[in-house]
Amino acid sequence: MLLPSFYDFCCRVKTISGHKALEAIPGLLAGMNARRPLIVTDKGVAAVGLIGIVKKALGSKLKIGAIYDNVPVDSDYKVVDDAAKVYKKKGCDSIISIGGGSVIDTAKGINIVASLGSDTLLDYQGFGAVNRKLNPHVVIPTTAGTGSEMTLVAVIADPDRKIKMLFVSYFILPDIAVLDPRMTKTLPGFLTAATAMDAMTHACEAYFCLEKNPMSDGHAYRAIKLISDNLLKVVKNPGDMKGRLALANASALAGVAFSNSMVGVVHNLGHTIGALCHVPHGNAMSILLPYGMEYNLHKSGDIIGEILLPLGGAEIYASTPKKKRAEKVVELIRKMNQDLHDATGGRHPRFLKEITDRNGKQIVPHSMLPTIADCMMLDGARMSNPEEVLPADAILILEHAWEGTPLNRKKINKGGKKVKY
Amino acid sequence: MNINKYPEIVPGRKFLKEFYVGIMLWVVGRALQVAAKVDKEVKAELAKLPNNFTLRMMVAPEKAFPLFFYAKLLPSFVTDIGLLPYGIQMFLHKDKEGNIKYIGADPKGKKADLSVIFTSIEAAWLVLSFQESTATAYMHGRFVVEGDLPHSLTFVRALDIVEVFLLPKIISGLAVKRYPKWSEMSLMRKFWKRIVIYIRAFTIG
Amino acid sequence: MHIPDHYEFLNHSKIISGKCALETIPAELGGYDAQKPLVIALKSVVERGLKKKFIKTFSNSMVVLGGIYDEVREYAGISLAQDAAILFKARGCDSIIALGCGPAVDLAKAVNVLVSEKIDNLSAHYEGAAIKGPLKPLIVVTAGRSNGREAANALVVDNRELVSDFLCPDVFIIDPRMTPGSCGESVAESGATAMAQAFAVLTDRGINPMTAAVAHPAMSYLAEYLAKGVKRPKNRQASVALANASVMASAAYSNSRPGMANLLAGELAEATGISAGRFERIILPSVIAAMLKKKAWIEDDLYLAAAGIDGYAATPAGERTQRGLEVSLNIVGGLKKVLPVSLSEMKVQKHFLEKAAKAAAAKSGKRFTEAECASVLAQAWDAAGKVK
């Protein structure tokens with residue numbers, strides 16, 4: 001296994017996984033001297049009755065301080081401040097967040113404000129502002145994909161200044177992540193597909209991007225394997241609880257991997273498309289993943305080829321010659337997208353031009369591509385991509401991803417040395 | 001137990017590396033200032049930064065280098081390099097008209113919008129002696145960024161171009177991810193800019 | 001891939017490994033708002049002249065070392081911890097750095113409990129009182145011989161164990177300037193410990209993807225570097241890889257159940273006072289031989305980790321368990337005769353074996369019977385489980 005010249009790895013989230021994982025929460029909170037949690041969630045989660053399941057599982061052992069379910073899709077600091085007020089008013093001493101990426105990020109923000117004592121999140125911007133242990137925070141993810149339960153970043157918008165504030169600190173990491181298949185059971189097929197492909201992208205990019213390290217590899221490998229083994233099964237049979245548990249695990253594993261090894265051009269373009277055209281993150285990821293891999297083939301083809309083992313299985317890996325493995329990986333990912341497209345009745349898009357909103361209108365018009373390519377330069381993920389990405393390169397990728405044709409690899413700008421990890 | 005057997009230890013300093021890093025920061029600052037004037041690509045890149053913008057590059061921790069009372073007594077070219085009195089740092093300022101200017105190493109009265117902070121003198125040494133490329137150094141946490149991340153990416157991109165201008169391919173090939181082809185940057189342009197930037201950086205700025 | 005119906009996993013420590021890793025300590029301490037650490041160092045490490053290098057890495061930082069307490073030898077005792085705690089308080093320190101593995105880390109954890117909980121000894125905690133809150137930041141700089149407890153949530157002082165999640169060190173620093181070993185023997189011993197732990201994790205029936213993900217690189221590094229590291233203990237790359245393996249194996253192991261080799265070696269070590277690593281070296285081949293004989297089914301992870309991706313894929317699915325065990329046997333075989341290979345060579349008294357088998361079977365939670373343990377020990381007595 002590769003030994004990097006330098007790496008760091010940290011994931012201090014305690015993971016509880018299982019079909020009855022929720023029931024363990026009261027005991028764990030008591031172990032951290034917490035008795036009165038604030039539940040943070042959004043209206044969507046509350047509407048499908050997940051709060052009820054959690055409440056039932058918590059039982060009478062734990063007194064819930066309050067339930068805050070006003071988290072919007074694009075959360076901002078005002079929501080955080082508002083919820084922190086509720087937290088203080090009700091005398092809570094810990095947080096349980098139930099939801100997807102937005103809810104978890106908001107809860108991380110609430111924990112900063114509530115634990116460190118100020119009234120507003122704006123006081124804690126900047127490097128090193130969060131510098132001591134926060135109150136206990138339990139995360140119950142309801143979408144198996146974002147991996148936010150394992151990351152030390154909270155992205156919270158400031159609508160007044162029109163920026164996204166980034167909070168990065170090891171203290172922001174939640175204390176406990178609870179992976180319980182009951183929480184993802186109601187997720188419809190196309191969302192399951194999108195979120196799982198998001199996790200797949202995390203894992204694949206973690207495996208070949210510059211900050212890759214032995215620990216992140218171990219996690220990424222298992223995430224890829226679990227997703228490729230289980231995703232199609234779960235989409236076809238939503239009640240498959242074992243498969244659901246596997247996907248929840250995969251998402252957490254991928255979260256650990258990518259938060260320690262960072263992500264590359266796929267996320268770079270995906271974030272930008274998401275910000276400019278409001279494309280759902282998971283869809284952008286699943287579409288761009290094969291292109292991102294193709295783009296880096298000449299720099300880290302050997303590494304990408306290794307992904308074939310967890311993705312395709314030992315037989316395919318052994319029967320494919322070494323030089324063709326990376327291309328086979330790309331092919332399999334494309335096939336996976338196609339299969340999901342078929343299994344969800346076309347609701348899982350394969351190309352950028354296929355993404356539509358509720359009225360059937362194209363979300364990413366072809367005319368937007370140059371704008372996306374320019375704005376891509378401002379996203380941090382481009383730093384950790386093995387190959388340099390400049391606007392001209394981005395256009396190349398985007399054009400192909402829009403049309404749905406494989407990347408013309410002859411046109412990629414090559415140069416410089418092989419990647420040294 | 002005799003606690004005096006285990007004395008308190010105040011670690012020393014690495015003067016040579018301080019000196020080298022200080023000079024390199026000065027060169028980087030001046031070179032960026034000149035490159036922004038003479039090269040279109042760098043100019044276009046730095047135009048993405050807002051006007052009236054101050055950028056700081058420094059080696060952490062700042063407080064390890066106290067402001068000595070005799071700082072003002074030293075000749076300005078010593079303090080400008082950023083040695084000793086102000087800690088190892090440099091400031092670049094983009095004024096209202098969009099001109100980039102190196103404004104010395106004295107942090108007094110300057111508020112940085114974006115700080116690029118090397119986590120230790122050794123980290124700065126690794127990066128500025130080109131043992132690690134900018135991207136690798138960022139991956140390895142050799143420097144952290146305080147301020148808006150997009151701005152720091154702009155800055156790093158500008159720095160990459162300037163490195164290609166200033167250094168022979170053998171060295172700058174280590175520092176950037178992809179060395180530009182002739183079609184992207186002609187030899188003529190590269191060598192001409194190399195001479196101009198060097199001369200102007202050390203003279204008129 | 002197997003996912004158990006319920007599992008819990010925690011790997012608290014951050015790992016920083018590689019070039020200039022030591023120079024990150026001031027920044028790490030800064031993240032905890034600390035700048036005056038007490039250093040608890042192994043005497044052997046200091047005697048090898050690493051102290052000077054260590055101090056030098058703090059140049060140009062705000063960190064002041066509150067003192068280097070270098071009285072730790074082979075044994076971590078409470079009196080040493082109390083002395084260090086006095087030093088800690090007298091100098092007004094706010095964090096702890098353990099320089100060296102094994103007893104230095106145990107002691108640092110003990111000191112950390114003493115100073116954070118403001119108590120004089122650990123007796124209340126031995127009797128079951130829980131450690132209340134987060135302790136002071138603890139950074140471990142790996143060097144010297146590991147005892148496999150570094151990344152665990154436990155400490156052993158005066159042969160008594162204390163377990164709490166708060167005891168996990170916060171940061172591990174693995175720096176090529178510190179890791180090279182003094183002799184093949186100590187490398188072999190740490191390697192045997194790590195090997196036994198990684199093997200226990202990867203062959204455990206309750207294995208979950210998280211522990212597997214952490215034990216996988218540990219096993220891979222052992223497979224690749226153990227023989228090389230023992231032959232050339234000063235080799236930097238091998239020593240860094242093995243130090244990584246030690247830390248990872250110990251982190252995974254603390255989330256898993258002990259295997260037979262660990263239990264038996266632990267019992268024998270307690271009875272004889274010889275370190276467990278030496279016994280693990282002897283017992284592990286016999287355990288593997290017994291598993292080979294029994295044709296027990298184990299997860300693919302073991303073979304994948306030990307043989308690497310290409311070797312794994314080239315082997316038919318049915319043979320992977322068998323081949324995994326064989327490769328593991330080879331890895332232990334890479335230690336050659338650096339350490340004794342049979343219990344008789346160690347001159348262990350025979351009546352210890354019986355007791356050890358009994359105690360290990362009792363501690364295993366009905367996973368192994370006393371007869372199984374005894375037969376393994378009998379094999380290990382005259383090294384029947386020889387390397388192929």
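Lettering of chains follows the sequences in order, A, B, ..., and the numbering in each one begins at 1. Only heavy atoms go into these numbers, but all of them, side chains included; no hydrogens, no water, no symmetry mates.
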Counting only heavy atoms closer than 4.5 Å, note whether A:Ser17 contacts chain C via side chain, backbone, both or neither. both
Would you mind checking if C:Asp301 and A:Arg222 are paired as a salt bridge, meaning a charged N to carboxylate O distance below 4.0 Å? yes
Turns out that what part of C:Asp170 lies under 4.5 Å from chain A's heavy atoms comes down to both
Would you call C:Asp300-C:Arg320 a salt bridge at under 4.0 Å N-O? yes
Does a side-chain N-to-carboxylate-O contact under 4.0 Å join A:Asp240 and A:Arg244? no
Which atoms of C:Ile309 are under 4.5 Å from chain A, going by heavy atoms: the side chain, the backbone, both sets, or neither? both
Interchain contact, C:Phe9 with chain A, by part (heavy-atom threshold 4.5 Å): both
Pair count under 4.5 Å, heavy atoms only, with chain A: among C:Ser220, C:Ser17, C:Ala313, highest is C:Ser17
If I measure from the heavy atoms of chain A, does C:Tyr225 come under 4.5 Å with its side chain, its backbone, both, or neither? side chain
Among C:Ala314, C:Ala21, C:Ala212, residue most engaged with chain A (heavy-atom pairs, under 4.5 Å): C:Ala212
Should C:His12 and C:Asn153 count as side-chain neighbours, where that means a heavy-atom distance under 4.5 Å? no
Do the non-hydrogen side-chain atoms of A:Glu149 and A:Ser251 ever get within less than 4.5 Å of each other? yes
With respect to chain A, which residue among C:Leu304, C:Thr315, C:Thr24, C:Val240 yields the maximal number of heavy-atom pairs within a distance under 4.5 Å? C:Leu304
Part of A:Tyr221 lying under 4.5 Å from any heavy atom of chain C: side chain
At a heavy-atom separation under 4.5 Å, does C:Pro4 approach chain A through its side chain, its backbone, both, or neither? backbone
Interchain contact, C:Pro134 with chain A, by part (heavy-atom threshold 4.5 Å): side chain
Which bit of C:Asp310 comes within less than 4.5 Å of chain A, counting heavy atoms only: side chain, backbone, both or neither? both
salt_bridge(A:Glu205, A:Lys212) N-O dist < 4.0 Å: no
